[in-house]
Amino acid sequence: MYHQRIGGATYSFDGLVELLAKATPRRSGDELAGCAAESDAERAAAQWALAEVPLTTFLEYPVVPYETDEVTRLILDTHDRVAFQAISHLTVGGLRDWLLGVAATAEAGHTLAAVSRGLTPEMVAAVSKLMRNQDLIAVAKAVEVRAGFRTTVGLPGTLATRLQPNHPTDDPRGIAAAVLDGLLLGCGDAVIGINPATDSPKATADLLYLLDEVRQRFDIPTQSCVLSHVTTTMGLIEAGAPVDLVFQSIAGTEGANSGFGVNISLLREANEAGRSLRRGTVGDNVMYLETGQGSALSAGAHLGTGGKPVDQQTLETRAYAVARELDPLLVNTVVGFIGPEYLYDGKQIIRAGLEDHCCGKLLGLPMGVDVCYTNHAEADQDDMDNLLTLLGAAGCAFVIAVPGADDVMLGYQSLAYHDALYARKVLGLRPAPEFAAWLDRLGMMGTDGRVLPVPPLSSPLRGLASAS
Amino acid sequence: MYHQRIGGATYSFDGLVELLAKATPRRSGDELAGCAAESDAERAAAQWALAEVPLTTFLEYPVVPYETDEVTRLILDTHDRVAFQAISHLTVGGLRDWLLGVAATAEAGHTLAAVSRGLTPEMVAAVSKLMRNQDLIAVAKAVEVRAGFRTTVGLPGTLATRLQPNHPTDDPRGIAAAVLDGLLLGCGDAVIGINPATDSPKATADLLYLLDEVRQRFDIPTQSCVLSHVTTTMGLIEAGAPVDLVFQSIAGTEGANSGFGVNISLLREANEAGRSLRRGTVGDNVMYLETGQGSALSAGAHLGTGGKPVDQQTLETRAYAVARELDPLLVNTVVGFIGPEYLYDGKQIIRAGLEDHCCGKLLGLPMGVDVCYTNHAEADQDDMDNLLTLLGAAGCAFVIAVPGADDVMLGYQSLAYHDALYARKVLGLRPAPEFAAWLDRLGMMGTDGRVLPVPPLSSPLRGLASAS
Amino acid sequence: MNESLRPSGIEDSAARAFWADLRRTTQARIGLGRTGDALPTADVLEFRAAHAAARDAVHNPLDVNALAAQVNALGLGEAVHIRSRASDRSEYLRRPDLGRLPSDTATASDTATAPDTATAPDTATAPDTATARDVDTAPREGLSALRSTGADIGIVLADGLSPRALADHGVPMLAALAEILGDRYTLAPPVIATQSRVALGDHIGQALGVGTLLVLIGERPGLSVADSLGIYLTHLPCPGRADSERNCISNIHPPEGLGYTRAAQVAAGLVEGARRLGRSGVDLKDTSAETSLSSSAAVILEAADPLENSAVPGR
Amino acid sequence: MNESLRPSGIEDSAARAFWADLRRTTQARIGLGRTGDALPTADVLEFRAAHAAARDAVHNPLDVNALAAQVNALGLGEAVHIRSRASDRSEYLRRPDLGRLPSDTATASDTATAPDTATAPDTATAPDTATARDVDTAPREGLSALRSTGADIGIVLADGLSPRALADHGVPMLAALAEILGDRYTLAPPVIATQSRVALGDHIGQALGVGTLLVLIGERPGLSVADSLGIYLTHLPCPGRADSERNCISNIHPPEGLGYTRAAQVAAGLVEGARRLGRSGVDLKDTSAETSLSSSAAVILEAADPLENSAVPGR
Ligand code: B12
Ligand code: B12
């Protein structure tokens, strides 16, 4: 039981799970789960109380029981006590001060990388609840994480993009047209990744062959991915399909993962299968993972110690523990993707996007964000512009981009290819170096790093979308 | 009468004033004035219709009548037809395309400066209504405006700050303490500016002497200002007080300015009086002007042609016409200052801040923003972090900063001194060069441009706040 | 919309024709051109109008009576209307938990264990009510109005996040399913569900006592596609089923999206597989396309008639 | 709040003492220290708590009956309560226009032109009502309850944006004003106004028929200062006055803010000036400090007793 006096009133919090939830900035998903603070004052009190919790507490009192949850077991069993040494004396509040103090130093990248494996998801979630948006940006920017396959993702000064050419019937011509559009706008350096409309192994294989042929034909230094269920991809690896990256959605509890039809050992197996193909050139990170606040609650798998609902942001960070076990090339939160029941409006989406990004990076992940919203949420393009710009400032590894911001298959708005150009220009960022060199070879890279407009008919890429 | 078909329905707009208002992104002040669009669809239709209005229309149909409003007369009588030439064939929608096209070129700063005097406030307001937040940022960033007095404000790569050391009773010791705090945190390069709690000429003079002595004693390359009513300042200039900058709040209609107790000729006189003192070193811009959406409506002076309410953002840009007539050193919108009746929440404040900043720069002003909110608005520090970061990316000339973000006299939250350090660090920005050199002389500037922490007792500045 | 807004210098007409051609292969907003690094004004404005329309689409309610009349006309039995516990659209959006529960208190197991209790008051009066209803066209309501049928297959028409999708595609999709499944399996009378989430079907499926349940549900409306229908298949439906125990056929909205016949074929394949496997979900894969021709994607890069309806995935 | 959160490495104790000393001169959040470039955690948390409290302060209503009892006890006449047209706190915040209008329909000019119409029904029953009210402590209400007094000065106690400011400082400020103005001028009975904006006073002043009106109003609550009172002076008040025709004395909240006596002195000086000038506003300046000693700010940099109440501006 935690107690906190504030403004004349005393607030009590029954255990760490409740304290974490009440200390979370307001969001609809926690209200839905019934664990949110009831007033700003209660929230402020919870933050005070949380600030005084020693980090060691998180090692002693798991938020989800060790016995029944394999994610908890993963977190505690792989916790690096040596790395933890440097911060083991701190409280959560002290950790915020420490992080911001380090972030202002020249050797921040090194110092933060050194403690990364000593941090648990719950510690990182806790400290993020005390952090303002500017703290989330400043600390994230100071963390350096890179990963590679055919391009290097996460280098300082770069912003990569997933080119997402989805189509309602997986029509190869429509998909090729969207790929062409994206490449002409300088996108695709993180991955060219299709969500297949069907889960048919055959259709998935067709798409894999399509993307692989395009890549080879135009000698594009990038990786492809068809985001089917991991079991489908594993089957196709076995069948000899050209699989670069192995995709799966993951979540922060064993129950939520099982709702997704996966568990840690299956994912490890998938990682092995992917690596065994040795298709990478500059690196061998083969996993592509998506996460997003709310998925555990959506699966009814959000209860923690004492049967209390765990707030969605803490659960989200736990998914990063699963992710870092797999040395992924790409991880992104799909922040506004699910809907207003978890993140109500632009403000909540922006906050969650910055939290997920910062927490993921602190835990050592090459973190990207699907800057997006649905038509049932209270958000619009202005909110996305804001989030994109903030993430660019925060050193986000990659974002997702689709033609004109409109995903015609998934029914939501992500960024447009153009938006990546905007962010790169205004913030002085560049594509992944291997991809930038390729753009340069095609005459598409200005001396100032700007992706130049090229009429489609004068680009060799035009062949991509027609037979001639 | 303008008509627009969209989604099967036809919308009609009775004249330019109504069209501008309905095309404005949603905000409480326009709802209060009764001129806001009634649905998103109506707003989208108005934007379509507005996009097709030729720019020349704004020269023919003033939004506020020429006969009864001196701001309109100023706008039309000083309109530069030669500068306008380059864009005179465009519609409002075409102007957006033109601006963004130019912004992506290397000579953007020059091109935009060349048309600035050909743009009227209404043209700029109109185009901003079609622009997304990212457009407002990209275009503002491309505009270069500089002004100088003892420091140079507005240089690319810099972010200056007004140090605002207000006190409820204008107590000189309390004010000096707040000045010391700000200087130690590297703030004050745009101006050290006090809002006096009283309008007593005597008290104002005392503060002017205080600031001038501090400046001279520590040889600080900056300018001071006491933000009393312009008439008070003019009286004090006459009386020989050490006035660097002449302050006044201004608005976009003759009526609203008269509610502030000013008119254009009075302001011109004040400008002359200020310049006559020749106290500047690197430049002779002496005016400091504040604006803010909502002030005309608040004064009941917001009606335009045909007696129709003009939207608050269009009126705000008209205040910039008054400002540019005065070649100011500093102009800032006090964006979230007045309250939720004009800008309801963080989203509206952020949008308005980006609009005001971009429109002011396009019109040729060294534009700053008071990134702020009141306790009766739905906003918090996270919103301010967002706006500050976005403005930093947009090349904002300066922001306002107070101790701990809490103005104990004006009853609102502006930025903290610390926030300027954050923005400079994350976005790679520096203080005004003259001030940066001074910080360097005091050992407060790191090689990476970071303002170094200095214990107050080991700083020569400590004498500022005590007699020893 | 006035094309005069398209700045003529930015895209020449050859490029326009190039993209116009490709645009026949996808609804995606490809080839929009650039003004500087940004989207051209016309596209920004078009986007805003589409966004306003898409937001409205979420909130427009389903015309249940009209749908029921069309469903009943198919002769598959008289449709019953099940409401979820979400009382209106706004609550539905914020409370997915309520959208998964039927509004009436009769639990599914009550109904299941007492399928022929003709003494239950509302059951006794049901025929009268039906007559009365014919006049005002409203279908019978509530879980208690469902009979356990023991049928092989149950079909739910659910509004989900796009009532329009159900209104546009629900009945033809139902007809296609009935045609392909009807002679192989027994079908329970169709059920209409409103303010519904996928998992509401578990209660309905249990109450109907069916072996496999197909929930036809409106997928969330996108900017260009606001009428997309999904089918979620659950074998041995009962409350508590996880999403990993279901299969999904998505993006049904011909002509651009998946066609009814193809979707029904996939569904039939999955039903067959689920019955063989004894369960649905991740272990069950759609192999209905396995027999189609291409083994590499090479062919797909060949010119195809752009006007041909591309409803068959992976061809 | 636990000081353990203050990281000991960041500020040494000498610096702490230095700032603690200076903090006695201002409520501003000076000397907070730095963690990297950011505010230390303790200050961030303290800020959030203060913000939550300040937001509540805006919404807590004024206890009108308690205030009326205190006002009446001063013997300046019985206070009448005027409500604006804003019906609750939320409408008040969004609709400043309504906060400037009195709720009852009697227009100010009706009242002004019929000051002694004892036959008006509510006037006739006024004394009875007063007795009845003494029991339940609620003051008389409405513009129609005001008499045109022809007094030199009227005083309104208005909740404005900080009812707490009025509750804490309204009565002592009124007393200080009465003391300094009472023997020179005639005073109308005080008026209490709720959901009020400054300009509501114009209607009240006209109804009272006073020469100069002083509106004591709660200024918007800040983070550290939630109880600040302002006085807005309007000569010859009537609906339609611009803010440029008023004068303002702000930040009254002793001990840190301006003290009552000093504020009353400034007000008296402004009243005198306004009567001489025939108007209030920008042409009228507060010259009440003109006689104080320092002619340069040099002296103010000298050590001053930090405990001394610094209520006199410019000294
Ligand atoms: C929203 C969504 C999600 C959300 C669901 C959470 C939520 N609360 O809504 C999240 C992000 C968690 C998600 C995850 C996955 N999804 Co999904 N999802 C969607 C999406 C975009 C909208 C669904 C919708 O509008 N439903 C209608 C509303 C009214 O129903 P609901 O009851 O509110 O929501 C339920 C269903 O959407 C269901 N659901 C969501 N996805 C999937 C996928 C499968 C295979 C099943 C059986 C159920 C299911 O979960 C929700 C909660 O119960 C669709 C695309 C589309 N256009 O429809 C893809 C889609 C249905 N998902 C898809 C896939 C592949 C997945 C994953 C398997 C990806 C992966 N490799 O891990 C996972 C796991 C799903 C699972 N087994 O639980 C595919 C299905 C392909 C197919 N034909 O089988 C689709 C069509 C998108 C695609 N082409 O990639 N998804
Ligand atoms: C909000 C505000 C404004 C807003 C008012 C718009 C609005 N709708 O609220 C804006 C930004 C437009 C503004 C402008 C100015 N203000 Co002002 N303002 C304030 C502030 C921060 C809060 C006022 C408040 O809470 N009022 C209570 C609510 C309930 O009243 P209201 O009816 O909603 O609001 C009315 C009054 O606030 C009034 N008002 C606002 N400022 C001023 C200033 C003067 C001199 C007068 C007579 C009236 C007035 O206008 C509002 C609309 O009618 C105060 C500081 C404080 N701590 O109070 C300074 C303050 C009152 N303003 C001040 C000044 C100097 C000005 C300006 C003269 C600055 C200038 N040089 O141009 C201008 C012009 C004012 C005018 N003549 O119209 C000084 C007054 C000093 C003095 N003792 O005379 C104060 C104390 C701040 C300061 N120390 O600088 N202001």
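All of these numbers come straight from a predicted model, not from anything done at the bench. Labels below follow one simple rule: chain letters A, B, ... track the order of the sequence lines, proteins then strands, and each chain is numbered from 1.
For the options B:A104, B:A142, B:A138, heavy-atom pairs under 4.5 Å to chain A are most numerous at B:A104.
What you find for A:V426 and B:A393 is that their closest heavy atoms are CG1-O, 3.7 Å.
Neither the backbone nor the side chain of A:L100 comes within contact range of chain B; no heavy atom of the residue lies under 4.5 Å from a heavy atom of that chain. Only the side chain of B:I350 comes within less than 4.5 Å of a heavy atom in chain A; its backbone stays farther off. Using a 4.5 Å cut-off between heavy atoms, A:A103 touches chain B through its backbone atoms (N, CA, C, O) alone.
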Would you list the atom pairs in which one atom of chain A and one of chain B form a donor-acceptor pair under 3.5 Å?
residue	atom	partner	partner atom	Å
A:R132	NE	B:D385	OD2	3.2
A:R132	NH2	B:D385	OD1	2.6
A:R132	NH2	B:D419	OD1	3.3
A:N133	N	B:D382	OD1	2.9
A:N133	N	B:D385	OD2	3.4
A:N133	ND2	B:N386	OD1	2.9
A:Q134	N	B:D385	OD2	3.0
A:Q134	NE2	B:D385	OD1	2.9
A:Q134	NE2	B:D419	OD1	2.9
A:K141	NZ	B:V426	O	3.2
A:K347	NZ	B:D380	OD1	2.9
A:K347	NZ	B:D380	OD2	3.2
A:K347	NZ	B:D383	OD1	3.2
A:K347	NZ	B:D383	OD2	2.5
A:R351	NH1	B:D382	OD2	3.4
A:D380	OD1	B:K347	NZ	2.9
A:D380	OD2	B:K347	NZ	3.2
A:D382	OD1	B:N133	N	2.9
A:D382	OD2	B:R351	NH1	3.4
A:D383	OD1	B:K347	NZ	3.2
A:D383	OD2	B:K347	NZ	2.5
A:D385	OD1	B:R132	NH2	2.6
A:D385	OD1	B:Q134	NE2	2.9
A:D385	OD2	B:R132	NE	3.2
A:D385	OD2	B:N133	N	3.4
A:D385	OD2	B:Q134	N	3.0
A:N386	OD1	B:N133	ND2	2.9
A:D419	OD1	B:R132	NH2	3.4
A:D419	OD1	B:Q134	NE2	2.9
A:V426	O	B:K141	NZ	3.2

